[in-house]
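First listed ligand is number 1; within each ligand, the first listed atom is number 1. It should be emphasised that the depicted structure is a prediction, and the values quoted were computed from it without experimental measurement.
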Amino acid sequence: MSPDPWCIVFSGSRLLLRTLDGGVRLPNHEEVLSDLGADRLAGTRVPALITVASGPSAATFGLGDDVDAPAGYAFENLRVAYHLLTRDEFRAAGTARQKVEWYRTNGFCSRCGSVNHKHPEHEAMSCTACGQLHFARVAPAVIVLVQRDREVLLGRSRHFMEGVYSTLAGFVEPGESLEECIHREIEEEVGVRVGNLRYFSSQPHPFPNSLMVGFIADWISGEIRIDPVEIEDARWFTTDDLPVLPHPMSIARSLIDDFVRRTIP
Ligand SMILES: [Zn+2]
């Protein structure tokens, strides 16, 4: 890994990647300065903190939509980068993406219309007239592994890659607890009732700005009856008959891997 801090550059929603020697990685600050040019970066630095526990901090820049990548680089959609970067690189890039968007869309106060500036202490934009703070928004979502003895309930939505089934997920609505959201989402999507909810873990999910909160739940009653608007198919699977599973870095996959570990004798 480079000793220099990562440099995270977005052109619109596309991330700048260094493509070298058949590999792909986040570029460092020195490379970007020399290859993209200081002129192009001028005035585009996003005053946000991007740190990852086991990686370096990163400088972040948000450029216009139509910048061409210099030789030895490529601009890629974040969903493509998900399959190319390491866990830490993706985590930093995902955080940066959300903060670039927050900075870009909060130049003016949504309360009084005056100009916002980055607050000197808080990770927030602050209104120069009324003082209102504007934090980057995070949308909580639940993601739930439903199990029935030695079976797991997995579903697929139309936008999944071919053959992939995953744990069920949904956004929390205003006024709703995580537990209430789980009961509502599972009943809406597949028509079954669940109980004995156990917290599993959580994961930031920058598509575009959610926090996935993972749970395990036990099936209580009901047969699968899918909501065709939300999902394409849902089934019970056993560990010896699993479908194509989600990306190894996803919390969905962690939930399923954990189920497999607990279930195989
Ligand atoms: Zn204001």
Report task. Just grab all the salt bridge (charged side-chain N to carboxylate O under 4.0 Å, His left out) pairs involving residues 187-213, residues at least two apart or on different chains. Result -> R184-E188, R198-D218

**Report entry** Single-linkage hydrophobic cluster, 4.5 Å side-chain cutoff, L16 and I8 together
**Finding:** no

**Report entry** Sequence neighbours excluded, every pair satisfying ring pair (Phe, Tyr, Trp, His ring centres under 6.0 Å) that has a member inside residues 128-161
**Finding:** none

Query raised in the report: Who pairs with H117 by ring-ring contact (aromatic ring centres under 6.0 Å, His included), at least two apart in sequence or on another chain?
Result: none

Query raised in the report: When the ring centroid of F10 is compared with that of F61, is the distance short of 6.0 Å?
Result: no

Query raised in the report: Salt bridge check: are R261 and D257 linked by an N-O gap of less than 4.0 Å?
Result: no

Report summary line: Within the 2.8 Å cut-off the protein N, O or S neighbours of the Zn ion (ligand 1) are C109 SG, C112 SG, C127 SG, C130 SG

